[in-house]
Amino acid sequence: MSVNVRAAQAKDREELTPLMYEYIVDFYQRPRPAIEKVHALIDMLLEKEKGIQFVAEKDGKLVGFATLYFTFSTTKAEKITVMNDLYVIEEERGTGVAQKLFKACENHSKENGYAHMAWVTAQDNRRAQRFYEKMGGSVADWLSYTI
């Protein structure tokens with residue numbers, strides 16, 4: 001069956017929540033945020049003002065998601081998007097789901113006049129790096145820091 005990628009809807013909240021926990025806790029091994037915080041994030045993204053979330057659906061089940069946040073670039077003096085998340089469940093990796101989610105983010109950025117789409121991945125996530133290079137991405141001149 002084919003995969004349908006679309007903007008997340010309110011009806012997706014309950015099914016999207018465990019996917020986000022799988023991404024946060026299992027994949028990136030980060031502390032589990034309170035469910036209220038995850039739901040608040042999903043709800044904020046549903047408003048499509050500060051960001052947007054896309055979901056991949058196969059056979060009526062969510063199998064992945066991607067998140068775009070809207071911000072600005074001072075050096076470009078224009079609005080940009082940041083793809084903060086791209087996650088596909090293990091059994092669907094390598095099937096084209098990630099490409100469809102990525103393209104949904106890229107198309108949204110282009111169609112809405114954003115100067116560019118940026119994203120980051122962990123330094124040891126070689127699979128993601130190969131994927132992003134395949135999608136036409138290149139390593140930026142900037143280093144990312146957090147505090």
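Computed from a predicted structure; not experimentally measured. Any value given below was found using the heavy atoms of this structure, including those in side chains, with hydrogens, waters and symmetry copies removed.
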Do [X] and [Y] land in one hydrophobic cluster if side-chain heavy atoms of ILVMFWY residues count as linked below 4.5 Å?
| X | Y | answer |
| --- | --- | --- |
| Val38 | Phe27 | yes |
| Tyr21 | Leu19 | yes |
| Tyr69 | Val120 | no |
| Phe65 | Met117 | yes |

Using a 3.5 Å distance criterion without hydrogens, assess whether the side chain of [X] forms a donor-acceptor pair with backbone atoms of [Y].
| X | Y | answer |
| --- | --- | --- |
| Glu15 | Leu62 | yes |
| Arg93 | Val88 | yes |
| Asp12 | Gln9 | yes |

Sub-4.5 Å side-chain heavy-atom contact between [X] and [Y]:
| X | Y | value |
| --- | --- | --- |
| Gln53 | Leu16 | yes |
| Asp85 | Tyr23 | yes |
| Lys61 | Ile89 | yes |
| Val63 | Glu91 | no |
| Ile35 | His39 | yes |
| Glu106 | Tyr114 | no |
| Ile24 | Arg32 | no |
| Trp119 | Thr81 | no |

Nearest heavy atoms of [X] and [Y], plus distance in Å:
| X | Y | result |
| --- | --- | --- |
| Val5 | Ala104 | CG1-CB, 3.7 Å |
| Ala8 | Leu46 | O-CD2, 3.4 Å |
| Ile80 | Phe72 | CG1-C, 4.0 Å |
| Met83 | Leu86 | SD-CD1, 3.8 Å |
| Gly113 | Lys79 | O-CE, 3.5 Å |
| Leu101 | Ala56 | CD2-N, 3.9 Å |

Using 0.5 Å steps for rounding, measure from the [atom1] atom of [X] to the [atom2] atom of [Y].
| X | Y | atom1 | atom2 | value |
| --- | --- | --- | --- | --- |
| Glu22 | Glu90 | CD | CD | 8.5 Å |
| Glu92 | Lys58 | CD | NZ | 3.5 Å |
| Cys105 | Lys110 | SG | NZ | 12.5 Å |

_Heavy atoms of other groups near Lys11 NZ, more than 12 under 6.0 Å_ = yes

*Working for side chain to side chain contact (heavy atoms under 4.5 Å, CB included), residues Leu41 and Met44*: CA-CA 5 Å; Leu41 177 59; Met44 182 273 297; 3.7 Å; yes

*Looking at Thr67, Thr71, Leu68, which one forms a side chain to side chain contact (heavy atoms under 4.5 Å, CB included) with Val82?*
Thr71

*So His108 and Phe54, would you call those rings parallel, tilted or perpendicular, with 30° and 60° as cut-offs?*
perpendicular

